[in-house]
Student: 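Next up is a structure, given as structure tokens.
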Amino acid sequence: MYNHQLHQRVNSILSQYNLDIAGSDNAFYIRLMTSADTIRELYQEIYSGHTTAAPVFEQLFLNIIKAYSARPATFKNKDEAKVAKDNWFLSNQITGMSLYVDRFCGTLGNLGNKLAYFEKLGVNFLHLMPLFESPPAASDGGYAVSDFRRVDERFGSLADLKRLRRKMDTKQMYLMTDIVLNHASNQHEWALKAKNGDPKYQDYFYMYDDRAIPDQYDQTMPEIFPESSPGNFTYVPECNKWVMTVFHHYQWDLNYSNPAVFLEMLDIVLFYANLGVDLLRIDAPAFIWKQLGTNCQNLPQAHILLRLIKQCVLVAAPGLALLGEAIVAPAEIMKYFGNGRFAAKECDFAYNATQMALQWDMLATGDTRVMLAAQSQLQQKPYGASWITYTRCHDDIGLGYDDEMIRKAGYDPYRHRRFLQDYYTGNFVSSPSAGALFSANPQTGDARISGSLASLCGLEKAIKRNDTGAINTAIQKILLMQAHSFFLGGIPMIFYGDEVGYTNDYSYLTDEAKSYDNRWMHRPVIDWHKNELINSPDTVENIVFSGTQKLIAIRKKIPAVADHNNLAWFKPYNIHVAGYSRAYEGQVFYGVFNFSNEVCYLSWAAFGLNQGNITQLTDHWTGKDYIVSNSDEHLIIEPFGFHLIEALQA
Ligand code: GLC
Ligand code: GLC
């Protein structure tokens with residue numbers, strides 16, 4: 001809504017800057033004026049009662065204007081090009097890879113020399129795992145940041161990052177980095193000042209003199225790392241206080257009820273925007289608001305803060321999209337896309353973690369029914385927002401989908417999850433998997449799963465046994481899992497190493513800074529001699545790499561699989577086979593995936609193709625064409641096989 005006072009105020013701030021609001025900066029001016037009142041409103045919802053609310057708000061506006069003024073011209077031009085495309089990120093031309101710079105190739109400088117590798121694979125979007133300074137002995141893979149603006153020495157420097165960005169530009173590559181919004185390292189300047197007794201910085205965190213309030217919180221807050229970091233508070237001897245630490249004891253939760261904290265962190269968001277980041281991964285947004293008596297996750301205030309960030313970014317850097325890394329129940333995840341008048345105006349992306357976990361569910365059980373039971377919720381995603389689709393990432397696999405979905409398929413939730421845990425850790429007699437339980441909580445029976453894509457699919461054990469048949473099955477499963485996730489809609493994100501079938505790496509056990517966290521087993525150190533084998537026909541590396549490469553190439557050829565919100569599940573009348581279609585402007589794509597170890601037969605009727613208007617089906621995966629004529633004919637799907645079919649109209 002138009003707000004006259006705000007208009008006057010903004011104009012007077014703007015007069016201090018050399019902006020051409022009638023000319024080249026006009027779009028910015030319009031964005032600022034049209035969003036100003038929404039920004040004010042969202043800000044007031046959280047901070048209106050706070051003593052410093054007014055001056056901090058003033059500063060917030062100043063910072064937005066400053067950030068825009070400092071934004072390099074190349075990024076402003078890119079903003080314009082992206083905005084003109086309307087949701088540039090829904091495209092089927094984007095394929096991502098997530099990697100640790102040091103474990104992948106050492107430094108940011110070296111990464112610049114690897115761009116041809118990504119190009120060969122078809123990857124044009126890089127998620128560089130946390131790059132900013134983090135104490136090596138207590139880093140949580142970089143998610144404990146001690147300086148949000150300084151690139152960690154082990155990767156190089158800020159200048160190296162900027163150089164890499166420019167190099168990526170020459171290949172039209174997109175960049176994603178993290179902002180660790182929920183917490184800072186206990187070595188961060190703010191934490192050090194808080195330890196020293198500075199009340200200003202103690203108020204940046206949740207600090208208490210005794211256990212009274214922490215005990216109350218602990219009653220309702222679940223534990224994230226019950227084995228290595230039990231409880232949600234850590235004693236700080238330097239100042240004789242307790243500080244909230246939801247994750248590890250060295251990750252101090254930031255106090256967003258203090259507007260100064262919001263101001264600082266928004267400024268860092270804008271700093272990353274001006275480094276040319278295309279998609280900013282907001283780490284752990286579900287946790288940013290805390291309230292006694294609740295589980296302190298997914299609270300309404302967390303959503304308001306995310307909307308506020310989105311509005312500020314829209315004004316200063318409209319080409320920057322936001323990804324909310326909320327790994328939460330299906331009904332909760334939807335809220336991160338925004339709703340009501342904020343539909344598709346909160347986070348542009350979320351991880352499709354439910355679907356990811358359900359793929360693993362299907363692979364272990366050979367049964368698609370639990371997955372299908374989740375779809376009515378997952379399909380409520382608003383148009384204009386999208387998923388990161390994936391099979392593995394640097395984190396564990398949580399089985400956080402609803403009990404009700406498991407019951408609908410006729411299973412007992414507790415026993416079903418227990419089966420999955422046993423299956424993937426290899427405890428189950430016939431299981432080919434070699435994973436491990438992560439953060440098992442004996443009190444609740446909860447446990448998540450660690451392990452690489454290849455090891456969970458059986459490659460590690462098969463290689464150990466030198467069993468060619470089992471090796472082939474494992475490779476088939478790897479490609480099945482990737483194919484199923486690549487075509488669902490959203491940006492496919494490959495986890496580095498999975499494109500060549502890396503199995504678990506157990507060296508973390510001898511490293512004190514990592515041995516307490518078995519997620520390191522699936523975070524490989526790339527051996528480039530091994531990766532060279534992608535060029536040697538018939539090696540595992542070659543087959544997995546070229547299969548992945550082919551999947552990416554197929555996806556780029558089919559406009560219908562861009563995220564038009566056009567995913568529809570069809571009923572293959574066979575619980576082993578998952579099938580979806582994606583129709584758009586006359587093109588129809590069908591993906592069918594057999595999650596069982598038996599051959600499955602699918603009638604053409606299951607595709608809903610009896611209308612007679614579609615006669616020919618082209619399978620981009622096998623290269624075969626099918627003529628749909630006789631409804632007695634079947635599509636034969638091999639064990640763990642899949643088909644990527646395009647329908648051609650008569
Ligand atoms: C996110 C990260 C995870 C990290 C946690 C705490 O969930 O993906 O790796 O441990 O946040 O920052
Ligand atoms: C985040 C995710 C959770 C994950 C954890 C550590 O809290 O929500 O699923 O297990 O980080 O990896």
Side-chain angles (χ1 to χ4, degrees), residues 96 98-103 127-135 137-146 148 152 176-188 191 205 221-230 232 234 243-254 256 265 268 279-288 290 296-298 302 306 322-329 332-333 336 347 349-354 356-357 388 390-398 400 438-439 446 448-452 493 495-496 508 513-523:
S98 180
L99 60 91
Y100 290 96
V101 170
D102 52 347
R103 303 175 83 77
H127 170 210
L128 306 183
M129 299 291 294
L131 294 171
F132 291 86
E133 196 185 83
S134 176
S139 106
D140 188 19
Y143 286 104
V145 183
S146 50
F148 289 104
D152 199 295
M176 166 161 138
T177 61
D178 284 81
I179 172 132
V180 187
L181 204 65
N182 179 66
H183 42 258
S185 156
N186 62 356
Q187 300 303 311
H188 190 284
F205 303 98
M221 286 174 88
E223 296 170 299
I224 304 298
F225 300 131
E227 290 165 321
S228 57
S229 270
N232 286 289
T234 300
V243 70
M244 186 186 282
T245 54
V246 168
F247 291 87
H248 293 103
H249 62 86
Y250 51 78
Q251 289 165 306
W252 289 17
D253 286 63
L254 289 164
Y256 281 92
M265 295 309 283
I268 294 162
L279 179 55
L280 189 64
R281 177 188 183 276
I282 301 182
D283 186 60
F287 297 85
I288 59 177
K290 317 295 196 295
C296 298
Q297 290 183 29
N298 307 309
L306 291 170
L322 302 179
L323 159 63
E325 186 259 340
I327 311 298
V328 297
E332 289 299 335
I333 193 67
Y336 288 84
C347 294
F349 281 88
Y351 283 95
N352 202 342
T354 297
M356 180 278 295
I388 295 293
Y390 64 118
T391 55
R392 284 303 288 114
C393 70
H394 70 289
D395 277 334
D396 43 284
I397 303 169
F438 175 70
S439 279
D446 280 345
R448 289 133 39 194
I449 294 158
S450 280
S452 75
M493 188 69 76
F495 188 59
Y496 79 109
Y508 78 99
K514 301 192 170 73
S515 57
Y516 62 88
D517 185 341
N518 69 22
R519 288 176 297 171
W520 288 101
M521 74 168 57
H522 54 251
R523 299 170 177 176

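FYI, the numbering just counts along the sequence from 1. Read the numbers this way: they start at 1 and go in the same order the structure lists the ligands and their atoms. No hydrogens, no waters, no symmetry mates; every other heavy atom, side chains included, goes into these values. Quick caveat, the model's predicted, so the values are computed rather than measured.
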Student: In terms of atom number and element, which parts of ligand 1 are under 4.0 angstrom from non-hydrogen atoms of H394?
Tutor: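 It comes down to these atoms of ligand 1: 2 (C), 3 (C), 8 (O), 9 (O).
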Student: Which ligand 1 atoms does Q251 reach within 4.0 Å, using its non-hydrogen atoms?
Tutor: 12 (O)
Student: Check R523 with D102, please: is the shortest side-chain N to carboxylate O separation under 4.0 Å?
Tutor: no
Student: Can you tell me how far apart OG1 (T245) and CD1 (I224) are? Round to the nearest 0.5 Å.
Tutor: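 CD1 of I224 is found 11.0 Å from OG1 of T245.
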Student: Determine whether the aromatic ring centres of F287 and F247 lie less than 6.0 Å apart.
Tutor: yes
Student: Going by the closest heavy atom to atom 7 (O) of ligand 1, which one wins out of R519, R523, H183, E325?
Tutor: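 Going through R519, R523, H183, E325 one by one, E325 has the nearest heavy atom to atom 7 (O) of ligand 1.
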Student: By number and element, which atoms of ligand 1 are closer than 4.0 Å to a non-hydrogen atom of F247?
Tutor: 5 (C), 6 (C)
Student: I want to know whether Y143 and H248 have ring centres closer than 6.0 Å.
Tutor: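 No: the rings miss the under 6.0 Å criterion.
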Student: Do you know which of N298, V328, N352, I327 makes side-chain contact (heavy atoms from CB on, under 4.5 Å) with I333?
Tutor: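 So, applying the side-chain contact (heavy atoms from CB on, under 4.5 Å) to I333 and each of N298, V328, N352, I327, only V328 qualifies.
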Student: Where's the contact between R281 and ligand 1, heavy-atom distance under 4.0 Å: side chain, backbone, both or neither?
Tutor: side chain
